[in-house]
There are 2 protein chains.
Amino acid sequence: MSYKTKKVMPIGIVSELTGLSPRQIRYYEERKLIFPERSEGGTRKYSFLDVERLMYIAEKMEDGLQTYEIRRMEKQKNQEELRREMLRGQLNAAFRQRT
Amino acid sequence: MSYKTKKVMPIGIVSELTGLSPRQIRYYEERKLIFPERSEGGTRKYSFLDVERLMYIAEKMEDGLQTYEIRRMEKQKNQEELRREMLRGQLNAAFRQRT
DNA sequence: CGTGTAAGGAATTCTGACACG
DNA sequence: CGTGTAAGGAATTCTGACACG
């Protein structure tokens, strides 16, 4: 696992890095926009990728979007990616090509 | 600053990642082998590079080296690098070359 | 020298709730 | 809906010291 995706930061650091309040960060988790891991004791752990995602979320919030709208956008993006990958898989299977 | 060098991890995470005890990690700091940053409240913050360095230190310790020997090795390495860089600088100046 | 541990305190984080709008 | 805040408690970290070897 890369340094970018490894969950290692406490919420205080993430708050400093993103400019968001701990309250905001926890709320975005409640709204299924962000998914930190937990330590044994229950404290949240975030990755740099999470920090990037939070900054992206912050932008969208500033644009006036609601959390469920952002979540919907993310889901759409993922589904488009899936579609593209499945298409690529089918093409590969059909023509026996290797990338 | 890259994800590798940004100081963001608390000592508990570093302990998990390296397999070293917090006591050992603090001791290596006392012996000037590692240099975490501090939060306002005084808690230590480490980077992934620090984690790598700690694993390197752990190896050397297992080899039976003492902390001052490891510190001496590091210093030597740095000085060699400096020498090489200065030499490169002089050559560039002498021949007006650009890399 | 290098590391474990118990001690006491401080910084950090957690959750659920109330408030505002 | 999104966020601030005070509340109480728990997890985490801090330092200095003693112990062992």
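Order of the sequence lines sets the chain letters (A, B, ...), proteins ahead of strands, with each chain counted from 1. Because the structure is predicted, anything quoted here is derived from the model rather than measured. Hydrogens, waters and symmetry mates are skipped; everything else that's a heavy atom, side chains included, is used.
- The structure places CD1 of A/Ile13 at 15.0 Å from NZ of A/Lys45, a figure rounded to the nearest 0.5 Å.
- When side chains are defined from C-beta on, A/Leu17 does not count as touching A/Tyr46, because their heavy atoms never get closer than 4.5 Å.
- Taking every heavy atom of residues 9-31 of chain A and every atom of DNA chain D, pairs under 4.0 Å involve A/Ser21, A/Arg23, A/Gln24, A/Tyr27, A/Tyr28, A/Arg31, by number.
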**Steps toward side chain to side chain contact (heavy atoms under 4.5 Å, CB included) verdict (B/Tyr28, B/Ile70)** = CA-CA 10 Å; B/Tyr28 299 153; B/Ile70 300 176; over 6 Å; no
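- Side chain of B/Glu62 to backbone of B/Glu59: no donor-acceptor contact under 3.5 angstrom is found.
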Show me the protein contacts with nucleotides 7-9 of chain C, counting only N or O atoms at under 3.5 Å.
none

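- A 3.5 Å limit on both hydrogen-bonding distances identifies C/dA10 as the Watson-Crick or G-U partner of D/dT12.
- Residue A/Lys60 contributes atom NZ, which lies 18 Å from atom C1' of D/dG2 at whole-angstrom precision.
- If you take CG of A/Leu65 and C1' of D/dT3, they are 17 Å apart, rounded to a whole angstrom.
- Look at B/Arg38 and you won't find any side-chain N or O under 4.0 angstrom from OP1 or OP2 of C/dA10.
- Computed from coordinates, the B/Lys32 NZ to C/dG2 C1' distance equals 18 Å when rounded to whole Å.
- At whole-Å resolution of the value, CG in B/Leu54 and C1' in C/dT3 are 15 Å apart.
- Between A/Met55 and A/Thr18 the shortest side-chain heavy-atom distance falls below 4.5 Å.
- Pairing for C/dT3 is with D/dA19, a Watson-Crick or G-U wobble pair whose two hydrogen-bonding atom distances lie under 3.5 Å.
- Regarding A/Glu40, its CD atom lies at a distance of 12 Å from the P atom of D/dT13, rounded to whole Å.
- Under the 3.5 Å distance criterion, with hydrogens and angles disregarded, a donor-acceptor pair is assigned to the side chains of B/Tyr27 and B/Arg31.
- B/Glu37 has its CD atom 17 Å from the C1' atom of D/dT13, to the nearest Å.
- Close to C/dT12, at under 4.0 Å from its OP1 or OP2, lies no side-chain N or O of A/Thr43.
- Between A/Glu80 and A/Arg83 no salt bridge is recorded (no basic side-chain N to carboxylate O distance below 4.0 Å).
- For the side chain to side chain contact (heavy atoms under 4.5 Å, CB included) test, residues two or more places apart in sequence or in another chain that qualify with B/Glu52 are A/Tyr3, B/Lys4, B/Leu49.
- Computed from coordinates, the B/Arg44 CZ to C/dA10 P distance equals 17 Å when rounded to whole Å.
- Taking a cutoff of 4.0 Å between a charged side-chain nitrogen and a carboxylate oxygen, B/Arg44 and B/Glu29 qualify as a salt bridge.
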